[in-house]
Every structure is written in C-alpha cells, then in structure tokens.
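Some notes on the structure that comes next.
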Amino acid sequence: MLNTCNWIKNRNMKVWTKVRSMLTDAVAQLAVKNGLSIAHIPVQVEQPRFEKQGDFACPCALALARVLHRSPMDIAEQIAGYIGDLPSEVEKVEVARPGYINVFIKPGAWFDMLEGLLNDPARFITSDVGDDMSVLIEFVSANPTGPLHVGHARGAILGDALARVMAAAGFAVHKEYYLNDRGNQIAALGRSVHVRGRQQHGYDDELPENAYKGKYLIDIAKRIMESPDAIGFKLQYETLGEPDSNPLATTASRMLQEEIKKDLEDLDIRFDNWFSERSLYREKRVEQVLTRLQGKGLLYELQDGAVMFRSTAFGDDQDRVVIRSNKQPTYFASDIAYHDQKFRRGLDRLINIWGADHHGYIPRMHAAMKALGYDPEKLEIILVQMVSLVQGGKPVTMGKRSGDYYTLRQLVEEVGKDAVRFIFLTRKADAQMEFDIQLARSRSLENPVYYVQYGHARLRSIIAKAELSIDDIEFRPELSRFLQHPEEQQLIKKAAMFPFTVEQAALTRQPHLVAFTLMDMVKTFHSYYTRYKNTDKVLSRDPDKRAARLVMTAALARIIKEGLNLVGVSAPEVMNREP
RNA sequence: GCGCCUGUAGCUCAGUUGGAUAGAGCAGCGGACUUCUAAUCCGCAGGUCGGAGGUUCGAAUCCUCUCAGGCGUACCA
C-alpha cells in the first residue's frame, strides 16, 4: 500500500524537486563536516536568467560563505563534490563564478516530461509541496448590508485564485466567508429598510444619520412588502424587537446575502462555508472565549463599565475594548471567538485576506491569539491595497454620500468575468491599483486576458487545422529530436516548468505569478508562430516534425488551459476577430 | 504626532524574497498580412531603481534618516 503511494508520487515528482533534494543532501554533508545544524540552511533552487547558467541554480554557497568565513567558490566546489548520483534528467552540475551551483538538464528531458502533461494535464500542474497542510482561507467577508463593490472584487479574486493555486500545490484548502449577520450594521440596515418601506407607504420619514443610503434598499423594501410575511413597515422600528432578531433587519440582510452569493458565483467564486457571526452568540462562544481571557487575568473593567482586553501584554500598542460601556460586545470580541473556533478546528494555517484599511487590526488579533495560547505565526494576514476607479483616465468617485457605488455586478456585466479576474491578478496584492473601467471594458490589446486567450485559441486552431482532436495527439519519445528551433526548446521547457511557478505562487501566497507566467509563455509562442509562419510552419510537410510540433502544441494548449483555470479564467478554443 | 503599504522607462506594472548583465505591456518612431487567426510579430528609442547615508564579497530588495502618495490611528466593522 505504502509502496504503491510512493510510486504514484514519484511518477509526478518534478525535476526541481529532485534537484533540490540532491543539493540538500550535499549541503547536509557539508554541514556535518563543519558542525553546523542543517535546519538553518535553506537550499534554494531558482531559475537563472541566462542559458549559460543552466536550467536551475542554487546560491546556497553564497549564503554559507558568511557563516563559514570561506570563499563562496570553495564552498560551492565542496558541495558539488558531495553530490552523489545525479537524477536521470540531469546532465551535469557546474560551479560558476561568484559561487553558484548550476544544474543542467539533458537535452531530451524537457520533452519527455510532456508525456505526463498530455496524459493528465490537471494532475501535471499539481505538486505536493503543500504536504496536505490544511489551510483555511477567509476572504471577502463583506457585511451583508449592501451589494459588493469594486473594492471587494480584488480581495475576492485574490482569495479565490490563491485557494486554487494552493490546492494545486498540495495544500488542503478550505474557503470561508465570515458573515457579520448581527450587530450595529445590521441594526442600521433594519432601520434604513424600515424608512424605505414607510416612504413607499406614503410616510415622509427621512433616513437617519448613520443609515445605508443606497437606492438598492428601496428595492429590498419593496420585495419585503411583496413577500407573504410582509410586516412592520407601518409600525415604529423599535416595536419590532431587538436589532438581532428584528424581522426587517434579518430578512433584508438575508436577501442581501443571497445577492452577494450570486455576484460571487458569477465570478466563479464559491465558498465551502459561510460562517455566521450570530451563531457564535447562539452557541455562547463569545462568552466562553471572554471567560478564558478573564481566567488568565487579561480583562479589566473601566469605571464606565467597558471591559478591556490587555492586548498590550502581547505587543499591541494599546488595550482594546471587548465590551462597550453599554454592555454590548464589540466586533473584536466576536472576531476573537471566531478565530478561536478556526484554531479549534485543528487547521495548520489560517489565511485572512483583508482590505488594507484594516491593517491596524492585525496587532490586536495576533495579541488575542497569543493570549489564547495559539501560535500567531499560523495566522497569516494578507492585505490587499485599495483600488481606485478610473474612467478613461479620470477618477470616479465612489459616491459614499449617496450610497450608490459602482458595484461588482456592474463591473462583471460590463467587462466580463474573465477580464475582471485576470486584470486584478496582474498586480501584486500590496500595491495600490488603478482600475480603468474604460480600459477593461474595451476588448483591446491592452487587455492582457485576450492576449493569453488568443494564444490558446491559436494553438487549438492549429490542431483543428491538422484535423485532429487534442485527445488524439500522442506522446512519442523519439519525436524529441525533431524540435530543433531554439524557440521550440524554450516552449517545451516553459510548459514543463509551469508547475514550478504554481509552487512559488502557493508558497509565497502570490497568485499573480501565475498570470505573469502565462503571459510570458504565450508571448514566446506568438513570437515563434509569427517568425516561422511563412517559412517553416508548425504543420510541416515533414511528418516527423509535424508530429513533434503537434505534441508541443497540444502540451502548450493543455498547460495554458490549466493555467487559466487556476486563476479562474476560461480558455476558449475559438476566438473571432472584432465584428 | 505615531503605525502600515507604496515609490523602478513618459504611463501602468514585473523583478525568482540578499545574488550573476534591472525587464514587460501601453504610448512614440520604423517595419512584417497570398496567414497554421495581424486580438499577432520584429526593430529602435527610453533608467543616477524618489533622495542621502549605512550593513558585506554583492542592495531595486535589509537598517537609519528624509521627501512624496495612499490607508489607518473608535466603546464602526
């Protein structure tokens, strides 16, 4: 049983994994000889920029130079000397100038890797660097008090893409939306809907100061009135009961929650779980967690009755309120309970994706987890910076006063799911971003998603031209030598290396790397295609060349489709020019 | 005031987490369609990596200071 598993694992083991373990073994020997602990020596395998530098490079000797007080070149030579049997794909290992260890792959080896790709592309892009580590990614978690807007889109897309990428890299991923279905915001929502309903009944009520002013609540009020259990618009709001159980508030919030869910589904974002804040109260989790903190002597009461958490004892710069002087727990209190629940589920890692405007919240959250005895390192917080909307170069105001902002739904309708997703992934999370609606809407060259999709369509059209189905194209190892153009060698290497990027993206939590790699691969293909289209077509008259290139073409089409899928973008087989 | 993020080609952004010779895309200029889809490609030009110090074999990347922009600094979430 065990052997079978290992065998299957080995079948999918990547070259770079073999190279890494080859080097790790050698470095370990060096460490033993020098009385060093191996744990502190990371053996990093990277892709060098120039061909002369091989296919993989390891700068570990450079890093060790400082520790050992010896020249990097000496150390590199010594490490190279400790290398035992080379993996079958490796041609040679060289030590280069400042102290790099460069690894060269055998000429035919990249092509041979395409066999696995063609047989099972979905499996080919996966790896096991995640080691089945369980990860909960919490994202979006917008209040169910209004439709999602453009600012939410970035976190939503990043979180979903990260989930897909990490799952491919062998993490056990769980996606969760934390639903703030109680508290001040819901009460304010109830009051706002109430006024909107009364206005429709002919009362001339005005929206209170802290109300939700968006026009969408007029619609919500109308729908509540039309529903069979419509009640309450004629009454005073207070007579309908406590905010958390007030039927107008809860009904409106549930309706908006459904809208949010639908908007996300239109972006192909689906959550494994919607975690209700209210359930924390129902199950007394907030009480319980506060009692635990109390038991550790970490709570104290102010004169006015507010209860503080001593977060300064764990690195925060001031203590935080958990119960207000009016005896209502704060959002922070339930969030502590929520994160306590996450940890209690026994997950290895918790990843939260927050808007950058919440960054001040991080120290107190980490403090709370430390106080409860959890390792704060296991709670990773990824901040996505703000998105500012631009229309043809001019800033678009978000209409905070009127409450009518540019919604995610509008954006998806106008721009399309694929473009929205891809554009948000062409920037790393911690850079502020200008989103030009006009640009995204235009199906122009500046829209990188079409560039990649067109590349895929082009590949598929070659296969169609050959009157083959992509499934008919079979790998044959002897075809390798017919791919003689340098671009062809580059392309098959890029295809085979794609899972390496997936690993990097997962380990560094940066799904944008996948988008950039796809653009790079497609660029190389377009360039190759155009260069030879009049002299040496992919579909050569020479049957061997033709067969070899079809293998390459199919491999590229497969990998691009899987790659696009990884960032949640479709891969059409045909794309027609602008009508 | 304090804290966090950002500053790289005219514009929008990458840069393998401290490594080898800083890269794309737009925009500009000049070229390539009898097509396996020109939604493409090729070439040219464009840089004191905001600035100043420092750390070391080596800095766009780390530390200090400084300038600029954004965001926070609630008994809101």
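Proteins get letters first, then strands, A, B, ... in listed order; numbering begins at 1 in each. Note that the structure is predicted; figures quoted are calculated from it, not measured.
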Which pairs of donor and acceptor atoms, one on a side chain in residues 545-556 of chain A, lie under 3.5 Å apart (sequence neighbours left out)?
unit_1, atom_1, unit_2, atom_2, d
A:Arg549, NE, A:Glu488, OE2, 2.8
A:Arg549, NH1, A:Asp536, OD1, 3.2
A:Arg549, NH1, A:Lys537, O, 2.6
A:Arg549, NH2, A:His485, NE2, 3.4
A:Arg549, NH2, A:Asp536, OD2, 2.8
A:Thr553, OG1, A:Arg549, O, 2.7

Quick one: side chains of residues 299-310 of chain A, donor-acceptor pairs under 3.5 Å with protein atoms, not counting sequence neighbours, listed by atom name and distance.
unit_1, atom_1, unit_2, atom_2, d
A:Tyr300, OH, A:Asp319, OD2, 2.7
A:Asp304, OD1, A:Ala306, N, 3.0

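Applying the ring pair (Phe, Tyr, Trp, His ring centres under 6.0 Å) test to every pair with at least one member in residues 499-523 of chain A, sequence neighbours left out, gives these pairs: A:Trp16-A:Phe500, A:His512-A:Phe516.
Contacts of A:Ser253 classified as side chain to side chain contact (heavy atoms under 4.5 Å, CB included), with partners at least two apart in sequence or in another chain: A:Pro144, A:Ile186, A:Leu189. Remark: A:Arg191 engages no residue in a salt bridge (charged side-chain N to carboxylate O under 4.0 Å, His left out) (not counting sequence neighbours). Residues passing the side chain to side chain donor-acceptor pair (under 3.5 Å) test with A:Lys92, sequence neighbours excluded: A:Glu94. With sequence neighbours left out, A:Thr535 forms a side chain to side chain contact (heavy atoms under 4.5 Å, CB included) with A:Tyr532. Among residues two or more places apart in sequence or in another chain, the side chain to side chain donor-acceptor pair (under 3.5 Å) test is passed with A:Gln78 by A:Arg70, A:Tyr82. The side chain to side chain donor-acceptor pair (under 3.5 Å) search around A:Arg154 returns none, not counting sequence neighbours.
Near-neighbour residues of RNA chain B inside residues 521-532 of chain A, defined by a heavy atom below 4.0 Å, number-ordered: A:Lys523, A:His526, A:Ser527, A:Tyr529, A:Thr530. Against RNA chain B, the stretch residues 329-340 of chain A makes heavy-atom approaches under 4.0 Å through A:Tyr331. RNA chain B is contacted by A:Ala457, A:Arg458, A:Ser461, A:Ile462, A:Lys465 of residues 457-466 of chain A, taking any non-hydrogen atom closer than 4.0 Å.
Look at B:A45: it lacks any Watson-Crick or wobble partner with both distances under 3.5 angstrom.
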